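Taking it in order: structure first as structure tokens, then the write-up.
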Amino acid sequence: MEKNFTHFWSRTKLDPIRITYPYQEKRLDISKVELSSEDKRKEIKIPNQMNEQLAEEIGIHLGDGFLSDRRHDFRVKVNKVTERENYDQLKRNLYKQLFNLDVRIKEYSDTYGFEEYSQALWMFKAYALNIRPGKKDKIEIPEFIKTNDQKI
């Protein structure tokens, strides 16, 4: 017996999404973040407040990033054929504005992206943003990003 689901799947307009998370302070606790001498040389800056750019970067990290559990290594790599254009200028500018970080995007054997070794950036992600280092087998969205601020 064949069922007709046409009316269900042909919906063209969705109801507005209601974000019910309460407003939260946008300040981040960066007290555990320490800049290495290399971070200082590169003039890495660490944001202390949640904003639209940081929310975008967290999304990039959770989707395409990796935070090592063995050293201060952070990577973002994507499919080199389908996502290259998006990462060339847009992501390079995002990391420059957010962290004053000049990422060197390059092509790897199967991917396209960058690897960055930064104690400050690693500590910021692990301690201030509560992003777990290691395998992404259980991804959790940080609680402070769940806010009723539509930009975030």
Side-chain angles (χ1 to χ4, degrees), residues 9-14 16-19 21 24-152:
W9 297 109
S10 65
R11 183 192 305 188
T12 57
K13 184 176 179 185
L14 300 173
I17 296 172
R18 293 188 183 273
I19 299 174
Y21 300 114
Q24 295 180 14
E25 176 64 40
K26 295 181 183 181
R27 288 230 172 263
L28 301 170
D29 180 7
I30 60 171
S31 62
K32 295 180 182 177
V33 178
E34 298 174 10
L35 277 72
S36 69
S37 58
E38 185 65 12
D39 292 329
K40 291 175 185 175
R41 187 190 67 75
K42 291 180 179 180
E43 298 181 9
I44 299 293
K45 67 179 184 177
I46 299 298
N48 64 0
Q49 189 169 336
M50 175 55 70
N51 60 37
E52 188 175 352
Q53 291 175 318
L54 183 55
E56 180 181 0
E57 197 284 328
I58 291 169
I60 291 168
H61 177 109
L62 295 177
D64 299 321
F66 172 76
L67 193 63
S68 174
D69 58 355
R70 296 196 177 118
R71 53 187 173 171
H72 298 133
D73 177 17
F74 168 63
R75 304 174 210 159
V76 174
K77 294 185 180 177
V78 298
N79 182 298
K80 70 179 182 180
V81 176
T82 60
E83 297 184 62
R84 183 181 193 128
E85 285 183 37
N86 187 34
Y87 275 76
D88 271 336
Q89 200 59 32
L90 182 64
K91 301 312 176 224
R92 188 181 316 244
N93 288 339
L94 176 68
Y95 284 92
K96 181 65 175 176
Q97 292 173 2
L98 195 55
F99 302 112
N100 194 37
L101 184 63
D102 293 313
V103 294
R104 294 185 194 120
I105 300 176
K106 64 182 189 176
E107 189 171 315
Y108 298 88
S109 60
D110 296 329
T111 59
Y112 187 72
F114 66 89
E115 296 179 2
E116 190 64 40
Y117 299 91
S118 166
Q119 175 178 307
L121 187 56
W122 190 96
M123 293 177 91
F124 174 70
K125 289 178 167 291
Y127 301 134
L129 300 182
N130 297 320
I131 296 176
R132 289 185 177 168
K135 291 184 180 182
K136 294 192 311 185
D137 51 1
K138 185 178 179 189
I139 297 174
E140 294 179 18
I141 298 172
E143 285 300 313
F144 59 82
I145 203 169
K146 298 176 183 178
T147 180
N148 63 1
D149 184 337
Q150 290 186 353
K151 290 181 180 180
I152 294 175

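Computed from a prediction, not measured in an experiment: that's the story for all the values here. Residue numbers start at 1 and run along the sequence shown.
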With a cut-off of 6.0 Å (strictly less than), are more than 12 heavy atoms of other residues, nucleotides or ligands near [atom1] of [X]?
X	atom1	value
E38	CD	yes
Y127	OH	no
K45	NZ	yes

Donor-acceptor contact below 3.5 Å, side chain [X] vs main chain [Y]:
X	Y	value
K106	E115	no
W122	P133	no
K32	M123	no

Could you state the interatomic distance from [atom1] ([X]) to [atom2] ([Y]), rounded to the nearest 0.5 Å?
X	Y	atom1	atom2	result
N100	D39	CG	CG	11.5 Å
L28	Q49	CG	CD	8.0 Å
L98	K91	CG	NZ	12.0 Å
K80	D110	NZ	CG	6.5 Å
I131	F74	CD1	CZ	7.5 Å
E34	F124	CD	CZ	15.0 Å

* **By ring-ring contact (aromatic ring centres under 6.0 Å, His included) - contacts of Y95 (at least two apart)** =>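 Counting only residues at least two positions away or on another chain, Y95 forms a ring-ring contact (aromatic ring centres under 6.0 Å, His included) with F114.
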* Locate the shortest heavy-atom distance separating A128 from D29; write the atom from each residue and the value. =>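 A128 and D29 have their closest heavy atoms at CB-O, 3.3 Å.
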* Would you name the heavy atoms of G113 and Y108 that are closest together and state the gap between them? =>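 Taking every non-hydrogen atom into account, O-CE1, 3.7 Å.
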* **Heavy-atom check, side chain of I44 versus side chain of Q119, under 4.5 Å** =>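 With C-beta onward as the side chain, the pair stays apart.
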* Are any non-hydrogen side-chain atoms of Y112 and E107 less than 4.5 angstrom apart? ->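 SC-SC contact between Y112 and E107 confirmed.
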* Could you walk me through whether E57 and Q97 pass side chain to side chain contact (heavy atoms under 4.5 Å, CB included), step by step? => CA-CA 11 Å; E57 197 284 328; Q97 292 173 2; over 6 Å; no
* Applying side chain to side chain contact (heavy atoms under 4.5 Å, CB included), run through L129 and L54 and close with a yes or a no. => CA-CA 10 Å; L129 300 182; L54 183 55; 4.2 Å; yes
